[in-house]
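Take a look at the structure below.
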Amino acid sequence: MPKDHGIGAAPKRREDVRFLTGAGNYTDDINVRGQAYVYFLRSDVAHGRINGIDTGAAAAMPGVVRIFTGADFEGVGGMPCGWQVTDRHGEVMQEPAHPILAQGKVRHVGDPIAAIVADTLEQARDAAEAIEVDMEELPAVIDMKAALADGSTKVHDDLTSNLCYDWGFVEENRDAVDQAIKDAAHVTTLELVNNRLVANPMEPRVAVGDYNRGTDDSTLYTTSQNPHVIRLLMGAFVLGIPEHKLRVVAPDVGGGFGTKIFHYAEEAFCTFAAKACNRPVKWTASRTEAFMSDAHGRDHVTKIELALDADNNFTAVRTETHANMGAYLSTFAPSVPTWLHGTLMAGNYRTPLIYVNVKAVFTNTVPVDAYRGAGRPEATFQLERVIDKAARELGVDPIALRRQNFIQPDQFPYATPVAVEYDTGDYDATMNKLEEIADLSGFAARRAASEAKGKWRGLGVNCYIEACGIAPSNLVGQLGARAGLYESATVRVNATGGLVVMTGSHSHGQGHETTFPQVIAEMIGIDESMVEIVHGDTANTPMGMGTYGSRSIAVGGSAMVRAAEKIINKTKKIAAHLLEASEADIELKDGNFTVAGTDKSVDWGSVCLAAYVPHNYPLEDIEPGLEETAFYDPANFTYPAGAYSCEVEVDPETGKVTIERFAAADDFGNVINPMIVEGQVHGGLAQGIGQALLENCAYDETGQLLSASYMDYAMPRADDLPFYSVDHSCQTPCTHNPLGVKGCGEAGAIGSPPAVVNAVIDALHSGGKTGVLHIDMPLSPDRVWAAMQ
Amino acid sequence: MYNFEFEKPSTIADAVAALQGDEAQALGGGQTLLPTMKQRLASPATLVSLSGISEIKGICTGDDGALCIGGATTHAEVAAGAGAYPALADTAAHIGDPAVRNRGTIGGSLANNDPSACYPAAALGSGATIVTNARSIAADDYFQGMFDTALDEGEIITEVRFPVPEKANYQKFVQPASRFALVGVFVAKYADGVRVAVTGASENGVFRWTEAEAALSANFDASAVPDAPAADGMIADLHGSSAYRAHLIKVLTARAVEAAA
Ligand SMILES: Cc1cc2nc3c(=O)[nH]c(=O)nc-3n(C[C@H](O)[C@H](O)[C@H](O)COP(=O)(O)OP(=O)(O)OC[C@H]3O[C@@H](n4cnc5c(N)ncnc54)[C@H](O)[C@@H]3O)c2cc1C
């Protein structure tokens with residue numbers, strides 16, 4: 001019997017009522033009295049020296065309040081980077097300055113040169129056209145390998161080269177890995193590109209800065225996944241505003257996918273300009289602006305080698321990746337190709353020796369940072385592609401090859417050679433489940449049916465593992481994080497028994513307002529409707545690190561559980577007093593406190609009322625009121641894992657790929673709301689399939705963005721996608737958090753690209769149709785056709 | 001968008017007069033023009049909307065049996081109302097999305113002559129006549145290259161006359177992002193021969209593939225489609241090389257012949 005409430009129930013998302021009926025409150029819905037608008041004049045060249053900016057005529061135009069250029073930000077902090085990577089040689093990464101507005105040089109198409117604040121947006125745009133920029137165009141640095149060649153033009157003149165860092169992991173294993181590859185019975189090598197993507201949340205970024213002259217308080221309304229992080233970074237490192245004088249509000253946010261984690265120059269600008277102009281200042285990105293100013297994702301060029309012994313056991317993995325940082329270091333950019341990528345190179349397998357080398361490179365492109373999955377999709381893609389290629393070269397079944405090398409259930413906790421310790425998992429179980437839900441045994445018949453109508457059918461299978469529930473603060477501190485990665489919650493119980501949970505986990509599509517109350521409802525035995533979730537405003541939530549890395553339920557949910565446990569302990573004390581019983585005998589069930597073994601009871605509401613109307617109350621022992629806060633710092637990452645399969649049809653005449661079936665068997669540990677989990681997987685799959693087949697953020701050699709609008713950047717649409725078979729009944733609960741949960745937000749995007757590509761290669765290669773062993777994503781019709789020629 | 005004046009005349013004569021004004025421009029459904037204006041890439045001083053002129057809207061059959069479509073008729077109206085010419089209705093039904101089809105017009109599409117648009121292939125493939133306020137222009141004389149037509153400044157497409165073929169079909173291979181035609185081939189079989197018009201492929205815009213026309217006029221069968229045309233002069237971009245486009249022309253022509261009804 002499915003539950004109708006609490007953990008495991010599937011109530012509809014309560015927030016959807018307001019989202020779907022136009023009652024949401026997004027940042028662009030916020031208009032502050034007297035606000036002015038800012039328009040950013042952005043560079044249309046990828047690399048250039050600014051020899052002069054003449055704003056004279058523009059400043060005199062109607063409605064113009066003030067025009068800012070880089071010169072107005074001398075002495076103001078630049079955009080900070082939140083993670084410092086130390087390279088193979090013990091040197092810290094090269095960290096360039098990143099001014100709010102360009103100073104001296106522009107470094108990518110879209111780099112802001114000037115900001116025009118005016119009464120209306122159209123006036124600001126008019127004035128922007130009257131600004132004269134004396135720009136000396138410089139050669140653009142676009143190709144990563146060319147960027148590292150001697151004599152390359154430098155993106156940052158004051159750095160020694162375009163190399164941000166040369167990271168080796170685990171450096172001590174390097175020689176042993178080299179030796180294992182030399183000694184191997186078989187080595188499979190694959191060179192591949194993990195294509196650059198633009199996250200494209202439905203809501204573009206928006207910022208509204210407001211300054212109160214009377215109190216000297218600044219407020220920023222912004223489209224952020226983590227308002228406290230923005231407050232800390234912007235206040236402490238950029239503008240020098242103490243946190244108690246700065247409020248950051250991220251109201252309803254229309255999707256983030258990582259790209260709204262980072263602190264952006266436009267946020268700092270609006271906050272700064274509101275004070276400088278003594279007027280609220282609003283900025284709303286156009287979609288074109290989003291393409292050239294939102295941090296992009298992925299963009300790795302990788303060579304991976306997989307060594308196997310004569311019995312097809314994996315003996316070593318060696319990878320070399322060039323990771324594009326773009327023109328500046330976005331907030332968490334350095335961590336993505338390193339700690340979120342190298343640590344996952346063991347995958348689901350027992351490979352004893354692994355060495356990962358990553359060269360992070362500056363280019364004249366938009367900065368690259370975390371995008372749904374962040375590093376883990378890049379790891380999964382190369383590993384699962386090279387395993388598939390190895391199976392093809394060795395003529396063995398790709399599923400059997402994987403199973404043979406799986407970490408076995410009795411090996412957990414399992415310490416990988418790449419520094420992480422998986423707590424639990426059962427990879428054969430998810431593979432068995434996949435075989436069942438995908439009806440893999442029926443594939444041959446389906447292939448025959450496709451062939452009968454002239455289509456080539458392929459099957460791709462892969463596994464994935466991710467490190468989620470980010471992250472133990474002490475560990476990430478050692479790895480270079482300049483932040484802690486705990487989460488917080490305050491649980492406030494009102495006098496009449498209703499609860500408000502103030503969480504640092506921002507919700508921008510994940511459904512926290514639905515799932516978090518389910519947990520509280522389960523713990524206390526009350527209805528979800530008695531619980532309200534508040535998030536997104538630094539003025540009324542405890543310091544939290546926000547939502548990304550599939551961390552909300554695993555870390556934020558755990559903080560909420562800890563705070564709720566404190567509440568329950570206190571209410572038990574109050575109940576014991578009211579019932580004149582010993583606290584140890586009090587049981588809380590279905591919203592009632594009972595004295596064990598008796599029929600004496602008092603309900604939840606009466607106890608809460610007593611806390612606020614403490615007439616009959618143990619005032620000598622406990623304080624009145626019911627409000628508790630907890631900060632939770634996870635002991636380890638969580639390790640969701642699963643097995644995915646994709647079946648495609650390829651039209652041999654045109655190269656067009658259609659996805660016929662897609663199945664995902666995931667192990668997310670315990671599941672709070674299966675419907676929301678399924679939705680998260682569906683969304684992740686859409687983005688992963690989008691990466692594999694459609695999405696491609698491309699620059700030409702001069703640094704012009706070729707895919708700067710939806711006319712050229714192909715987002716997945718509903719009719720590009722199949723009906724999915726999704727299952728999450730394989731559950732090995734996380735061993736180190738109170739809910740036994742692992743997180744599910746990124747899995748679909750991590751696990752799906754290799755399944756799609758493996759399937760297309762299978763369609764092309766099986767039966768000797770072609771010799772094609774790899775095609776770089778996206779597998780658009782022209783690329784597939786070209787590979788077949 | 002820059003500021004502009006807006007006029008909405010109700011007769012062709014008034015529209016033509018209004019278009020004499022300095023930097024005046026006709027507005028059809030606005031599906032191309034308005035995005036361009038929002039990007040500040042076009043800045044007409046006056047927009048003359050054609051949507052109030054009832055005499056250039058709607059579909060009828062001419063004395064010669066041709067299907068006559070008013071210049072301000074929307075794609076959705078053609079999709080629903082051109083049943084006498086199913087391949088044309090089907091072409092209209094696959095342009096853009098519902099919003100585009102409910103606003104965009106045949107006159108706007110032909111005036112714009114986007115190298116990847118669908119209607120130019122239908123008009124050229126059907127040997128249609130483009131009727132304006134001033135004259136009638138044969139499709140063969142009308143399309144003059146990418147975004148270029150025989151229209152004079154201020155000239156309005158009032159009607160497009162499509163001779164109805166025995167059989168026809170439009171094969172659109174979509175560009176994955178825009179879903180315009182990466183390549184589109186319109187094949188129409190008339191009593192006096194077959195016409196094959198190709199959009200999306202050539203750097204000179206829509207064109208007739210005369211080799212295929214000759215071969216198919218002799219033998220209207222997919223097997224008769226000749227080898228793909230040379231890749232020279234074909235568009236090469238993010239979504240396909242010129243060789244790929246040339247190849248698609250052959251594949252789609254054969255498919256159009258097979259599907260022609
Ligand atoms: C998202 C999207 C997808 C699209 N997909 C496709 C597609 O798949 N296939 C396709 O073919 N097209 C597609 N289009 C283009 C669409 O068909 C447009 O409607 C069409 O190209 C222009 O028609 P309009 O009536 O909107 O013209 P407008 O945008 O109003 O005008 C376009 C030009 O034509 C002129 N003009 C308008 N009407 C007349 C007239 N009667 N006489 C003379 N000049 C006139 C205008 O002055 C202007 O120069 C798409 C557009 C969008 C926005």
Side-chain angles (χ1 to χ4, degrees), chain A residues 39 62 120-126 128-129 195-196 198 200 286-289 291 454 651-658 689-690 692-700 704-720 777-789, chain B residues 1-4 31-32 35-41 43 94 96-100 114-117 171-185 200-201 222 225 228 231 234-258:
Chain A
Y39 179 78
T120 70
L121 181 59
E122 290 299 306
Q123 289 171 330
R125 285 181 77 176
D126 289 343
E129 288 177 6
N195 43 328
R196 180 185 278 242
V198 183
N200 276 305
S286 67
R287 187 58 69 179
T288 306
E289 258 184 313
F291 272 102
D651 178 343
E653 283 188 323
T654 63
K656 186 168 170 50
V657 175
T658 48
I689 292 170
L693 289 187
L694 296 159
E695 298 184 45
N696 187 24
C697 178
Y699 283 91
D700 72 10
Q704 289 300 321
L705 184 56
L706 298 176
S707 47
S709 81
Y710 293 136
M711 295 304 276
D712 287 300
Y713 190 92
M715 293 294 286
R717 289 145 154 115
D719 64 356
D720 292 314
M777 301 185 290
L779 273 58
S780 54
D782 61 316
R783 288 191 182 192
V784 175
W785 178 80
M788 286 160 64
Q789 299 313 304
Chain B
M1 206 179 262
Y2 299 102
N3 285 341
F4 57 88
Q31 295 304 295
T32 298
T36 319
M37 289 171 65
K38 283 185 185 167
Q39 300 236 31
R40 295 190 157 198
L41 298 172
S43 51
H94 289 93
D97 50 43
V100 170
D114 187 299
S116 304
Q171 290 286 321
K172 178 182 183 184
F173 193 86
V174 298
Q175 193 259 53
S178 70
R179 293 200 174 175
F180 273 69
L182 184 73
V183 174
V185 177
V225 175
M234 298 293 169
I235 299 170
D237 62 14
L238 200 52
H239 307 285
S241 63
S242 39
Y244 182 59
R245 281 186 163 87
H247 166 76
L248 282 182
I249 293 172
K250 176 182 161 69
V251 172
L252 299 176
T253 303
R255 289 184 181 182
V257 171
E258 262 165 18

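Here is how names work: the chains are called A, B, and so on, in the same order as the sequence lines, proteins then strands, and each is numbered from 1.
Summarising the geometry, atom CD belonging to E129(A) is positioned 3.0 Å from atom OH belonging to Y2(B); distances are rounded to the nearest 0.5 Å. Summarising the geometry, atom CG belonging to N696(A) is positioned 8.5 Å from atom NE2 belonging to H239(B); distances are rounded to the nearest 0.5 Å.
Using a 4.5 Å cut-off between heavy atoms, L248(B) contacts chain A through its side chain alone, with no backbone atom that close. Both the backbone and the side chain of M711(A) come within contact range of chain B, each with at least one heavy atom under 4.5 Å from a heavy atom of that chain. In this structure, no portion of P778(A) lies under 4.5 Å from any heavy atom of chain B. Using a 4.5 Å cut-off between heavy atoms, R245(B) does not touch chain A at all. Residue Q789(A): no heavy atom, backbone or side chain, is found under 4.5 Å from chain B. At a 4.5 Å heavy-atom cutoff, D700(A) makes no contact with chain B through either its backbone or its side chain. Contacts of K250(B) with chain A are absent, with no heavy-atom separation under 4.5 Å from either backbone or side chain.
Side chains of R40(B) and D126(A) form a contact here, defined as non-hydrogen atoms less than 4.5 Å apart. Within the 4.5 Å cutoff, the side chain of R125(A) has no heavy atoms near those of the M1(B) side chain.
Remark: R255(B) engages D651(A) in a salt bridge, criterion side-chain N to carboxylate O under 4.0 Å.
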(Q) Assess the residue pair R179(B) and D719(A) against the criterion (salt bridge (charged side-chain N to carboxylate O under 4.0 Å, His left out)); give the C-alpha distance rounded to whole Å, side-chain angles, the decisive distance to 0.1 Å, and a yes or no. (A) CA-CA 12 Å; R179(B) 293 200 174 175; D719(A) 64 356; 2.8 Å; yes
